[in-house]
Amino acid sequence: MASHLNSPASTLAGKRILLGVSAGIAAYKSAQITRLIKQAGGDVRVVMTDGAQAFITPLTLQALSGEAVRTSLLDPEAEAGMGHIELARWADALLIAPATADLIARLVHGLADDLLTTLSLACEAPRLIAPAMNQAMWRHPASQRNARKLVEDGWQVIGPAAGEQACGDVGPGRMSEPEEIVQALTDKLAPPLAMTNDERPHAVITAGPTREPLDPVRYLTNKSSGKMGYALATAAVEAGFRVTLISGPVSLATPSGVTRIDVESALDMQREALRLAPHAALFIGCAAVADYRAEHPAEHKIKKTGDSDTLTLTLVKNPDIIAEVAALKAPARPFVVGFAAETRELERYAADKLARKNLDMIVANDVSREGLGFGSDDNAALLVWQTPQGIECQSAPAQSKRMLARAIIDQALSLTNFNAEPFS
Ligand code: PMT
């Protein structure tokens with residue numbers, strides 16, 4: 001993941017970062033986070049929970065940050081230097097990495113029973129948090145509920161990433177890589193786009209399937225390979241956009257020049273989409289988002305039980321991500337392009353989705369055609385958009401997804417002014 005991220009060098013110049021470290025095997029990565037913040041020109045002060053000190057010593061982080069590490073709320077000597085309220089006021093941003101399930105639960109409940117939770121309540125600067133825990137713990141409804149609550153309370157939740165875990169499990173819950181965390185911090189503290197050197201309009205694109213867990217080893221998903229969304233990301237870079245790709249689990253390389261954020265479930269994708277879309281000029285929802293997820297994913301592997309030949313699962317509706325993006329109010333609302341995967345009556349169903357989800361344009365593809373749509377290298381589509389006179393369409397014949405992506409970006413460029421270069 002880290003390799004495609006831009007270097008954060010010098011981008012945190014003069015910024016004062018309070019880094020909170022809680023217990024967890026990922027605590028050792030806080031050393032790298034500290035180094036990256038310093039390399040980017042930031043001033044970092046570290047606060048550790050009691051548990052964190054079992055994984056990495058305060059001395060290590062003190063040596064890397066060049067500042068005394070704070071570990072206790074009731075330390076008269078430290079409080080005499082800079083009291084905890086002053087420390088909270090000092091920060092331009094509070095970053096907690098890693099954050100355990102326990103710490104997150106305490107933050108959600110507003111507890112102030114140690115220095116880090118107290119600072120979290122007192123700090124009015126932007127707050128970012130990188131959860132890290134076992135995959136079953138992260139999938140537990142309580143953790144999911146708490147993560148949503150953090151977002152509601154104004155925290156930016158980074159990750160967690162999916163993959164192999166220290167305990168041997170595989171799944172979501174690993175702390176995001178330090179480079180990605182520091183990039184998120186940099187983006188959060190970046191001046192508005194017009195004041196940065198990067199004047200390119202920002203395109204956010206979703207791609208691939210989502211995975212909705214049923215138990216620790218099973219999930220609901222679909223056949224999306226990500227090829228169409230990744231081709232759009234390439235075409236958008238070529239057209240002059242700065243591109244962020246929010247990707248479900250796929251086995252494709254990140255296109256050159258693209259920042260990629262990996263997600264698993266529809267709720268993960270929703271969180272990242274709603275975080276990024278308000279700062280984007282263009283949003284394209286190409287992902288095949290699962291419409292439903294298990295209401296209560298099982299904590300342990302579901303067993304074959306008794307004599308019953310049937311198993312009943314209760315599914316609940318996932319949020320409609322693209323409709324939520326399209327419901328943003330100006331100036332936070334980007335130009336919104338959706339996809340419609342249909343098997344018949346393309347124009348009628350596409351026009352219906354365009355209106356129902358309040359989109360600016362929709363790309364309808366017939367996913368029943370042999371060699372096109374899901375998984376293939378080629379695709380054909382009907383591009384549909386609204387004009388004051390009514391619905392207009394343009395048919396794009398079967399061609400490589402790369403070429404179709406260019407046609408889609410071109411059509412979007414012709415409908416609004418992004419200051420990007422059309423292909424034709
Ligand atoms: O990935 P590939 O193998 O290359 O295949 C490409 C593709 C067939 C997946 C792609 O071209 C495509 O059609 N993507 C959209 C698939 C889909 O979910 O279509 P839909 O008609 O169910 O959804 C309509 C729109 O709502 C889409 O923009 C979708 O991203 C969005 N949506 C759907 C459900 C949901 N809960 N949230 C959403 O945002």
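Numbering of ligands and ligand atoms starts at 1, following listing order. Small disclaimer: the values here were computed from a predicted structure and weren't measured.
Close contacts of ligand 1 with K401, meaning ligand atoms under 4.0 Å from a residue heavy atom, involve 2 (P), 3 (O), 4 (O), 5 (O). Numbered from 1 in the order shown, with element, the atoms of ligand 1 that lie under 4.0 Å from a heavy atom of G373 read 5 (O). Less than 4.0 angstrom separates some heavy atom of A340 from each of these atoms of ligand 1: 21 (O). For ligand 1, the atoms lying closer than 4.0 Å to a non-hydrogen atom of K353 are 20 (P), 21 (O). Below 4.0 Å from some heavy atom of P319 lie the following atoms of ligand 1, by number and element: 35 (C), 36 (N), 37 (N). Of all atoms in ligand 1, numbered sequentially from 1 with element shown, those under 4.0 Å from a heavy atom of K227 are 1 (O), 2 (P), 4 (O). Close contacts of ligand 1 with G285, meaning ligand atoms under 4.0 Å from a residue heavy atom, involve 27 (C), 28 (O), 30 (O). In the vicinity of M228, heavy-atom distances shorter than 4.0 Å reach the ligand 1 atoms 4 (O), 6 (C), 11 (O).
Between K303 and D215 there is no salt bridge, since no side-chain N of the basic residue sits under 4.0 Å from a carboxylate O of the acidic one. At a threshold of 4.0 Å, the pair D320-K357 counts as salt-bridged, since one of the basic side-chain nitrogens sits closer than that to a carboxylate oxygen. A salt bridge links E177 with K29: the distance from a Lys NZ or Arg NE/NH1/NH2 to an Asp or Glu carboxylate oxygen falls below 4.0 Å.
Checked by atom type, the side-chain pair Q270/E324 shows a donor-acceptor distance below 3.5 Å. Side-chain contact of D366 with S368: a donor-acceptor pair under 3.5 Å is present, judged by distance alone.
Side-chain contact check for R333 versus P331: every heavy-atom pair is 4.5 Å or farther apart. Between R106 and D113 there is a side-chain heavy-atom pair separated by less than 4.5 Å.
The shortest N or O to N or O distance between G375 and ligand 1 is under 3.5 Å. Residue S376 places no N or O, backbone or side chain, under 3.5 Å from any N or O of ligand 1.
Atom 12 (C) of ligand 1 has F339 CD2, 3.7 Å as its closest protein atom, hydrogens excluded (heavy atom only). The protein non-hydrogen atom at the shortest distance from atom 26 (O) of ligand 1 is K357 NZ, 2.9 Å. Counting protein heavy atoms only, atom 37 (N) of ligand 1 is closest to I321 N, 3.1 Å. The single protein non-hydrogen atom nearest to atom 7 (C) of ligand 1 is N365 OD1, 4.3 Å, given as residue, atom name and distance. Considering only non-hydrogen protein atoms, atom 30 (O) of ligand 1 sits nearest to A287 O, 2.7 Å. Protein heavy atom nearest atom 34 (C) of ligand 1, with residue, atom name and distance: D291 OD1, 3.3 Å.
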Apply side-chain contact (heavy atoms from CB on, under 4.5 Å) to residues L220 and R293 and explain how you reach the verdict.
CA-CA 7 Å; L220 295 173; R293 66 178 186 278; over 6 Å; no
Might you work through the salt bridge (charged side-chain N to carboxylate O under 4.0 Å, His left out) test for E238 and R406, ending with a clear yes or no?
CA-CA 9 Å; E238 288 168 357; R406 289 180 166 200; 3.0 Å; yes
I'd like to know whether D377 forms a salt bridge (charged side-chain N to carboxylate O under 4.0 Å, His left out) with K227, so could you lay out the CA-CA distance, the side-chain angles of the two residues, the decisive distance to 0.1 Å, and finally the verdict.
CA-CA 7 Å; D377 291 328; K227 288 179 185 172; 3.0 Å; yes
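Selection from L232, V367, I322 by nearest heavy atom to atom 31 (C) of ligand 1 gives I322. Closest heavy-atom approach to atom 14 (N) of ligand 1 within the set S224, C286, A288: this belongs to C286.
Using modelled atom types, no side-chain atom of D43 and backbone atom of K15 make a donor-acceptor pair closer than 3.5 Å. Remark: the backbone N or O of P160 is not paired with any side-chain donor or acceptor of R174 at under 3.5 angstrom.
Counting heavy atoms under 4.0 Å from ligand 1, residue S225 touches it through both backbone and side chain.
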